[in-house]
Every structure is written in structure tokens, then in C-alpha cells.
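Position 1 is the first residue of the sequence; numbering continues from there. The structure presented is a predicted model; accordingly, all values stated were derived computationally and were not measured.
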Amino acid sequence: MQPSVLPGFFIPSPTLSAVQVGPLTIRFYALCILAGIVIGAWLTARRFRARGGTTAQAMDIIMWAVPFGIVGGRLYHVITDNQLYFGPDKDPWGAFRIWEGGLGIWGAVALGLAGAAIGARRTGVRLATFADAAAPGLLLAQAMGRWGNWFNNELYGEPTNLPWKLQIHNMNPATGQAVVTADGTPEILGYYQPTFLYESLWCLAAAALLVFLDRRYKLGAGSVFALYVVLYTAGRFVFELMRSDYANTILGLRVNTWVSALLFLAALAVFLVLRSRPRSGSTAQSAGSVDGFDTRANGHDPGKHDETDGKGNRHHVP
């Protein structure tokens with residue numbers, strides 16, 4: 001609904017969400033997702049190296065986690081918003097058109113962890129080590145991915161006259177362009193709370209806080225990832241309450257509101273249990289090291305012993 005009074009300042013939204021390059025249609029939503037994956041992978045590899053791993057190990061695991069995560073994210077979206085694809089006058093094939101938008105973060109995290117577990121096992125890496133290294137990178141990826149919603153003119157809240165209100169156009173998903181009025185100008189639906197922006201900024205702040213707390217307190221193995229879930233769900237719960245787009249509900253609350261609340265409580269409990277445990281500083285599941293602590297006597301392998309030669313010098317002998 002077009003507001004009768006339009007204050008001077010607002011956040012504009014694009015009137016174009018895709019470009020045609022030959023036979024290919026390039027969706028800006030997909031580019032934002034890809035950019036988030038690249039940035040997240042970079043930070044994950046950097047933090048993974050700081051925990052004793054290698055870039056090659058990190059990338060091997062990421063190559064498993066990303067496709068699993070994309071499939072999981074799409075499955076979650078299709079299941080929780082199935083009315084968009086199934087029923088009278090609906091196109092079931094739309095469930096496969098992921099480039100048009102629609103990824104559920106919890107499906108992405110769940111199956112992404114399953115893929116990471118496979119990759120970690122194949123590379124001899126503890127899953128907790130990789131998950132702790134990846135947690136801030138996940139938040140950066142989510143922050144970048146939310147800008148795909150900006151290109152699609154979606155994920156906004158209630159109408160508002162705040163100075164930072166978001167202008168929303170009537171977009172045609174098939175063409176990737178805004179619908180135009182009789183005079184040839186893009187049709188404006190109204191001005192709304194920019195919840196996509198709130199969530200993007202929250203993810204950036206949470207990533208910075210997570211890195212700081214991990215460095216400052218040397219959080220225990222697995223607790224960094226648990227804290228990621230705590231921080232993200234705290235913000236997501238609020239943003240879900242602000243959103244005005246249609247969603248399935250349970251007892252009057254959006255499904256994702258319930259999911260956020262339940263995951264927040266579960267993750268908080270897990271964090272409190274794991275935070276004081278040894279830091280996830282060891283990557284290889286090999287003898288002589290447990291969670292970053294050297295278990296070898298005097299720093300040497302337990303299979304070696306000392307002998308003293310005739311001059312009183314000590315030598316390590318296998």
C-alpha cells in the first residue's frame with residue numbers, strides 16, 4: 001500500500017534483480033550467496049590454521065559442507081513454506097529454482113554440519129575444531145547473503161516513516177525487474193522496516209563479538225559454535241517478530257520464531273556445558289595430542305625413552 005506522506009529520506013531498493021548474459025540469467029541473489037561463501041571460507045581457513053590445521057584441510061571440508069548446506073537450506077524452505085510450490089495453480093518445479101530466493105538457515109546449518117562431518121572424517125580432523133573455526137565465517141556469509149534479499153525486494157517489516165525506511169518495489173520474479181506503472185516508472189509498494197539490513201548488521205556484530213570472546217577467553221571445544229547459535233537466534237527471534245511477509249505460524253507465531261527460541265535455549269545449555277573444556281586447538285586425531293594439549297611426556301613421544309652416554313649426555317632413543 002502506497003503511503004500518503006513520503007518523508008524525504010529512505011533506503012532505495014534495486015529495480016533489477018537479474019541480468020541476462022547470452023543464454024544465462026545471472027541472479028544477484030545467487031551472487032550474494034556466492035560472495036558470502038567466499039568470505040566465510042576465507043575467514044574459516046584463517047581461523048582453522050590458527051588452530052593447527054591447514055588451508056587444504058579446511059577447503060576439503062568446506063567442499064563437502066557447502067553443497068550439503070545449500071541442499072539443506074532449500075529443503076527447509078520448501079518444507080516450511082510448501083504452500084508456495086504445491087497446491088492449486090502452483091508450480092512444483094519452482095522448488096528447484098533456488099536462484100529465485102528461498103534458503104532456510106537451519107536446514108543449511110544442519111545438513112552443512114553433516115557434510116562437514118563427512119569432510120572432517122575424511123581429512124582426519126575433529127568436527128568441533130572445524131565448527132569452532134567456521135562459526136564467525138558463517139555469520140559473515142549470512143550477513144552477505146541477506147543483501148540478496150535486498151536485490152529481490154523481500155524480507156522487510158511493517159510499514160514505517162522512520163528515516164531509514166526501505167523502499168519496496170513490485171518485482172516480477174520471472175523477469176528480475178520491477179513492474180512498471182502506466183507512466184513507465186517502477187511501481188512502489190511502500191516503505192517498510194529494513195529487517196534484512198537489521199539482520200545483516202546483527203550478523204556482522206555477532207561475528208566480531210564471537211572472534212573477540214574466543215580470543216579473550218579461549219572458549220572450549222564446540223562452545224564457539226554453540227555461542228554462534230545463541231547469538232544468531234537471539235537476533236533472529238526479534239527480526240522474525242518484526243517481519244510482515246506471509247509465513248506459516250504455530251499458535252500465532254511464525255515457525256522460525258519458535259525455531260529460534262528453541263535453538264537459543266538448547267545452544268545456551270550446550271555453551272554453558274562446553275565453555276570450560278579444553279580449547280579445540282588440535283585438528284588431527286592422532287596420538288600425542290588431545291584438543292590442543294600435548295600428551296607426550298616432556299614433549300616427546302611416549303614410545304621413546306632417554307639414555308645417558310658415558311659423557312653424561314642424554315639422548316632420545318626410539
* Side-chain contact, heavy-atom cut-off 4.5 Å: E154 with Y29? -> yes

Rounded to the nearest 0.5 angstrom, the CG-CZ distance for L262 and F237 is 10.0 Å

Are any non-hydrogen side-chain atoms of L219 and R279 less than 4.5 angstrom apart? no

Heavy-atom side-chain proximity of S13 to W150 below 4.5 angstrom
yes

Between the CD1 atom in I168 and the OH atom in Y156, the distance rounded to the nearest 0.5 Å is 6.0 Å

Nearest heavy-atom contact between I33 and L103 is CD1-CD1, 4.1 Å

Note: T55 and R49 closest approach over all heavy atoms is OG1-NH1, 2.7 Å

message: Tell me if a side-chain donor or acceptor on W202 pairs with a main-chain N or O of L231 at a distance below 3.5 Å.
response: yes

Residues passing the side-chain hydrogen bond (donor to acceptor under 3.5 Å, both in side chains) test with Q177, sequence neighbours excluded, are none

Check: Is a side-chain donor or acceptor of K165 paired with a backbone partner of G190 at a separation under 3.5 angstrom?
Finding: no

Taking every heavy atom of A58 against every heavy atom of F130, the minimum-distance pair comes out as O-CE1, 4.0 Å

Query raised in the report: Are F10 and Y191 close enough that their ring centres sit under 6.0 Å apart?
Result: yes

Between F271 and S223 the two heavy atoms that sit nearest each other are CD1-O, 3.4 Å

dist F48:CZ -> I62:CD1 (nearest 0.5 Å) comes out at 9.0 Å

One should read off an interatomic distance between T195 OG1 and R146 CZ, to the nearest 0.5 angstrom, of 8.0 Å

Donor-acceptor check, side chain of T249 to backbone of L253, threshold 3.5 angstrom: yes or no?
no

Checklist entry - Under 3.5 Å, is there a donor-acceptor pair between the side chain of S200 and the main chain of F196? => result no

Taken in chain and number order and not counting sequence neighbours, the residues that satisfy salt bridge (charged side-chain N to carboxylate O under 4.0 Å, His left out) with D60 are none

Would you indicate whether D89, at its atom CG, is surrounded by more than 12 heavy atoms from other residues, nucleotides or ligands within a distance under 6.0 Å? no

Notebook entry, point to check: Just by distance, with hydrogens left out, do Y198 and Q193 show a side-chain donor and acceptor under 3.5 Å apart?
Noted result: yes

Checklist line | Test side-chain contact (heavy atoms from CB on, under 4.5 Å) applied to H169 and V179, step by step | finding: CA-CA 8 Å; H169 300 98; V179 176; over 6 Å; no

Here the pair of heavy atoms bringing M171 nearest to G176 is CE-O, 4.0 Å

### Task
State plainly whether one hydrophobic cluster holds both F68 and V78, where clusters connect Ile, Leu, Val, Met, Phe, Trp and Tyr through side-chain heavy atoms under 4.5 angstrom apart.
no

Residues at least two apart in sequence or cross-chain that pass side-chain contact (heavy atoms from CB on, under 4.5 Å) with A117, listed by chain then number, are L127

| task | Answer yes or no: is there a donor N or O on one side and an acceptor on the other, between the side chain of S244 and the main chain of G157, under 3.5 Å? | result | yes

With sequence neighbours left out, the residues meeting side-chain hydrogen bond (donor to acceptor under 3.5 Å, both in side chains) with Y232 are E199, R236

Is N153 reaching over with its side chain to a backbone N or O of T15, donor-acceptor style, under 3.5 angstrom? no

When rounded to the nearest 0.5 Å, the distance separating OG1 of T80 from CZ of R254 is 10.0 Å

V211 versus R216: any side-chain heavy-atom pair under 4.5 Å?
-> no

Open item on the list: Side chains of T25 and Q20 only: does a donor on one sit below 3.5 Å from an acceptor on the other?
Closed with: yes

Quick one: does L204's side chain get under 4.5 Å of L139's, heavy atoms only? no

| task | Before giving the answer on side-chain hydrogen bond (donor to acceptor under 3.5 Å, both in side chains), spell out for N256 and Y76 the whole-Å C-alpha distance, their side-chain angles and the decisive distance to 0.1 Å. | result | CA-CA 11 Å; N256 281 329; Y76 182 93; 2.7 Å; yes

Residues 132-141 vs salt bridge (Lys or Arg N to Asp or Glu O under 4.0 Å), sequence neighbours excluded, gives none

The complete set of side-chain hydrogen bond (donor to acceptor under 3.5 Å, both in side chains) pairs with one or both residues in residues 63-73, sequence neighbours excluded, reads none

Looking only at atom types and distance, does a side-chain atom of R47 sit under 3.5 Å from a main-chain N or O of A133, one as donor and one as acceptor? yes

Student check: side-chain heavy atoms of L210 and L227 closer than 4.5 Å: yes

(message) Test your reading of the model: is there a side-chain donor-acceptor pair from T123 to the backbone of Q57, 3.5 Å cut-off?
(response) no

Report task. Is it possible for you to say whether F264 and L241 belong to one hydrophobic cluster, with membership spreading through side-chain heavy-atom contacts below 4.5 Å? Result -> yes

Heavy atoms of W164 and P194 approach each other most closely as O-CG, 3.5 Å

One should read off an interatomic distance between C32 SG and I37 CD1, to the nearest 0.5 angstrom, of 11.5 Å

Query - L138 side chain reached by F225 side chain, heavy atoms, under 4.5 Å - result: yes

Should I11 and L197 be marked as a side-chain contact (heavy atoms from CB on, under 4.5 Å) after you check the CA-CA gap, both sets of side-chain angles, and the distance that decides it? CA-CA 10 Å; I11 300 174; L197 180 60; 3.9 Å; yes

ask   = Are the side chains of L34 and V38 in touch, meaning some heavy atoms are under 4.5 Å apart?
value = no

